[in-house]
Protein chains: 4
Amino acid sequence: MGIHERKEREKERRRQQIMIAAKRVFSANGFAKSTMEDIAREAELSPGTIYLYFKNKDELYASLSLRILQYLNIRLKHVINHKGLEPEEYVEALKQAMYDVYDFDPLIVINMFQLQSSESVKNLSPELLSEIIELSQNSLGTMADIFEKGIKKGIFINHHPQAIADALWGMFSGLILWEESKKLFHENKDHLKPNMEIAFELFTRGIRLHQNPALLKDVAPPTPQ
Amino acid sequence: MGIHERKEREKERRRQQIMIAAKRVFSANGFAKSTMEDIAREAELSPGTIYLYFKNKDELYASLSLRILQYLNIRLKHVINHKGLEPEEYVEALKQAMYDVYDFDPLIVINMFQLQSSESVKNLSPELLSEIIELSQNSLGTMADIFEKGIKKGIFINHHPQAIADALWGMFSGLILWEESKKLFHENKDHLKPNMEIAFELFTRGIRLHQNPALLKDVAPPTPQ
Amino acid sequence: MGIHERKEREKERRRQQIMIAAKRVFSANGFAKSTMEDIAREAELSPGTIYLYFKNKDELYASLSLRILQYLNIRLKHVINHKGLEPEEYVEALKQAMYDVYDFDPLIVINMFQLQSSESVKNLSPELLSEIIELSQNSLGTMADIFEKGIKKGIFINHHPQAIADALWGMFSGLILWEESKKLFHENKDHLKPNMEIAFELFTRGIRLHQNPALLKDVAPPTPQ
Amino acid sequence: MGIHERKEREKERRRQQIMIAAKRVFSANGFAKSTMEDIAREAELSPGTIYLYFKNKDELYASLSLRILQYLNIRLKHVINHKGLEPEEYVEALKQAMYDVYDFDPLIVINMFQLQSSESVKNLSPELLSEIIELSQNSLGTMADIFEKGIKKGIFINHHPQAIADALWGMFSGLILWEESKKLFHENKDHLKPNMEIAFELFTRGIRLHQNPALLKDVAPPTPQ
DNA sequence: CATGAATGAGCATTCATTCAT
DNA sequence: CATGAATGAATGCTCATTCAT
């Protein structure tokens, strides 16, 4: 391994170190209430060092979104590359991929929505911004591909695949956000996984054209009162 | 009407005026990048005046969430108070209520999640905070009540009603957020309503134990290829 | 006097107060080593207040140059408006005007040259910049007009009037700068006035076509040794 | 040549390399807006290396002034050592020396005045400071010697020679500064040399007791209007 | 009540300087 | 010697908040 390559690797490690610290701080305090010094302290670096790796606070923030998108994208690629599965199996794999994304970084999905500020977008380098855009398009596109398989096979409901993908992703991220805010206000323990399980089940039931009676066995209707 | 009452009314009008301005500014720039002066200018008031009506920036921000929750709560009360409907009809009314919430204030749902910061919560008056908590619990509880009706009647899938309500709310707000961020990055026109329509359809299909063949007529499966 | 007018006047007073403080601080420490807090302290104001009156440090700095240019311009206008003088008398009045400029603000002429940085220019508002440019052109133009009178009358040497004006202004400001730096290094007391007196005498002797023997009486050549 | 001597020479080359880069950067951006990294990049060295040759930014800056003073001093020594010239010829040689200084480093004369900051002086090593002081005294003294010759011969006006030298130096450096600032603001092309030519002519006319009619041939008065 | 000028603590960012390699 | 990553103190600037009018 050349000296250049080692340096490059070291540099990447630093970026990761900073991003991990930033994730923690932003997740705990939100963007506005997190200071670069907080993040530096968490990363056990000096404030100046952070600016060697990230142009500014907004860009550091956005990089966290990029990171989760990259992971999502990779996981989705894996799913779609797994040939010869039935549509139902693809959806199951998709669900698992999304769970993994959640496990990879439960809170950070929130951040993607905080990029909502057009002021923030101004501070991002065009490269970073376009990378985020491309990855999010790719990811949703891959999800849509999965649904398209089922629709073509006549197993899933005949809606525009992209709309189905949007609905799933919206539900997924919305639930995470929702649980987070419940945690904040209601101090409830995280029962997100179970909730998400239910949501996914409802969703996949919803897209199937023909319900599988076997799936209903656990949810037999109560005796009407 | 007494003079006191008139004053009270006038005061409330001012609060509304400020909140409307705040909504616009926060929606456009996010919490961190919005200044009190921006809001004051938008409200055609002086910065000082805002502090006569709201304790601080965090509280003004949180008040927006309270407002949408109040509206949601009222609409949900209306639904549940409408006696004698079938569960399916309740769900349909619920959907309509949520659309109305979205129409009432399309962007502000986002704000509720920006309260994520525990730093922000510290700056809220206990009254405001508990009001928010109570209203959100009430709202979700009412939604759960609706689903419970269907479950008891054996029409809906037998899951904990609260979990179903959470899933629906997560999906609803997640979609709004998702569409917002798409607007920002992809400059797409808002096809949120259609997307939300599809999402709700999938969701309600998912909770029903027996699919209504009539509902499938528009979505007949394509001839398998 | 209307309330608006009084406010305007108050505002102008503040600007002056800040500029006086800024002049002192910049003169003592130079641009780089002067901090906005230093200036605020000197002005007995808070740092934030300065930014209500000046966009940034560069603009505050440049405003000092504008101020001296405004004064110079006014004084020069007075000279040229004084009709019916002989060219020699105009030059004498010009000299006096420049002395007054020097008395008005001995050190600040220096600042005009520190604007030398193109980086600084980028931070100036276009209005301020163009005002500075216009005033300096006006001032030099007026000076040139004075020399032109003498040239037309055949009393002064026939050079382009603007070049003569440039030479005079260069000499004037150069001497101030030179004395300043001598003060710094040599800790000499200010004998600028006498030096400037001599410089002006040499200069005016230089532009006259026919020397007035009377003027030489004080400077009779020493007996050759 | 010993190995030590070669090393010494190599070291000196590096110092020159850095100073040339520093000159460019400081001239373009001024002291405040120039960073050590800018200079390092311009010198194709690393920031750390600069500190092997210069104690700090202020000292690097001051060294530029020292350099020009050294050159000026050498040139002036040459003039005064040229025995047997007439005073007029000495002045002509002096003028040429100053032009050469200007050619050697047109912009850097400016820097000498930026040392105006007493804060900067604090950061200089006493040796450097005293060297600057000594050289500037020497240079001006040498110039004074030249004028003294003419005064003693009864050719030049009988003023204190040092005052005449100051006037000339002030005029010279002031013109450079003035042209520089005109370049910045007015975007004029550099007609400094012609302007300086005129200034010198006026000056030397001014110091001569008896005007040489031959010198006026190019500047015959226009026919009075 | 309303104002908006003033505040000053707070923060993002810079950059001269250092030092391990 | 040379490097350049890391430092962290310094500083320009912002902006939530106050308060005299």
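Every chain is numbered from 1, with letters handed out A, B, ... down the list of sequences.
Judged purely by atom type and a 3.5 angstrom limit, A/K33 has no side-chain atom pairing as donor or acceptor with the backbone of A/F26.
Atom NZ in B/K33 sits roughly 15 Å away from atom P in E/dC11 (whole-Å rounding). Nucleotide F/dT17 holds its C1' atom 14 Å from the CD atom of B/E59, rounded to whole Å. Computed from coordinates, the B/E37 CD to E/dT7 P distance equals 16 Å when rounded to whole Å. E/dC1 atom P lies 12 Å from atom CD1 of B/I18, rounded to whole Å. The distance from atom CG of C/L60 to atom P of F/dT11 is 16 Å, rounded to the nearest whole Å. If you measure from atom CE of B/M36 to atom P of F/dT18, you get 10 Å, rounded to the nearest angstrom. For the pair D/Y61 OH and E/dA16 C1', the interatomic distance rounds to 16 Å; values are reported in whole Å. Taking atom CD of C/E10 as the reference point, atom C1' of F/dA20 lies 13 Å away to the nearest angstrom.
Listed in residue order, the members of residues 40-50 of chain C having a heavy atom less than 4.0 Å from DNA chain F are C/G48.
Take the nearest nucleotide of DNA chain E for D/K57 and for A/K57: the residue whose nucleotide is more 5' is A/K57. Comparing A/Y53 and B/N56, the nucleotide of DNA chain F nearest to each residue sits closer to the 5' end for A/Y53. DNA chain F is contacted by both B/K55 and D/L52; D/L52 maps to the nucleotide lying nearer its 5′ end (nearest heavy atom per residue).
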Q | Secondary structure of DNA chain E in dot-bracket form (Watson-Crick or G-U wobble, distances below 3.5 Å, | marking inter-strand pairs) | A | .||||||||||||||||||||
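The heavy-atom pair separating B/N56 from B/Y51 by the smallest distance is CA-CE2, 4.0 Å. Residues C/R15 and C/Y53 come closest through the heavy atom pair NH1-O, 3.1 Å. Nearest heavy-atom pair, B/V25 versus B/S34, reported as atom, atom and distance to 0.1 Å: O-OG, 3.3 Å.
Qualifying side chain to side chain donor-acceptor pair (under 3.5 Å) partners for A/S130, counting only residues two or more places apart in sequence or in other chains: none.
Closest to the side chain of C/Y51, from the set F/dA6, F/dG12, E/dT17, is F/dG12.
Distance CD1/B/I18 to CD/B/E44: 12.5 Å, rounded to 0.5 Å. The line from CD of B/E59 to CG of B/N123 is 9.0 Å long, rounded to the nearest 0.5 Å. Put simply, CD on D/Q16 and CZ on D/R13 are 10.5 Å apart, with the number rounded to the nearest 0.5 Å.
Between D/R14 and F/dC1, a side-chain N or O to OP1/OP2 separation shorter than 4.0 Å is absent.
With a 4.5 Å cut-off on side-chain heavy atoms, D/Q17 and D/L45 count as touching.
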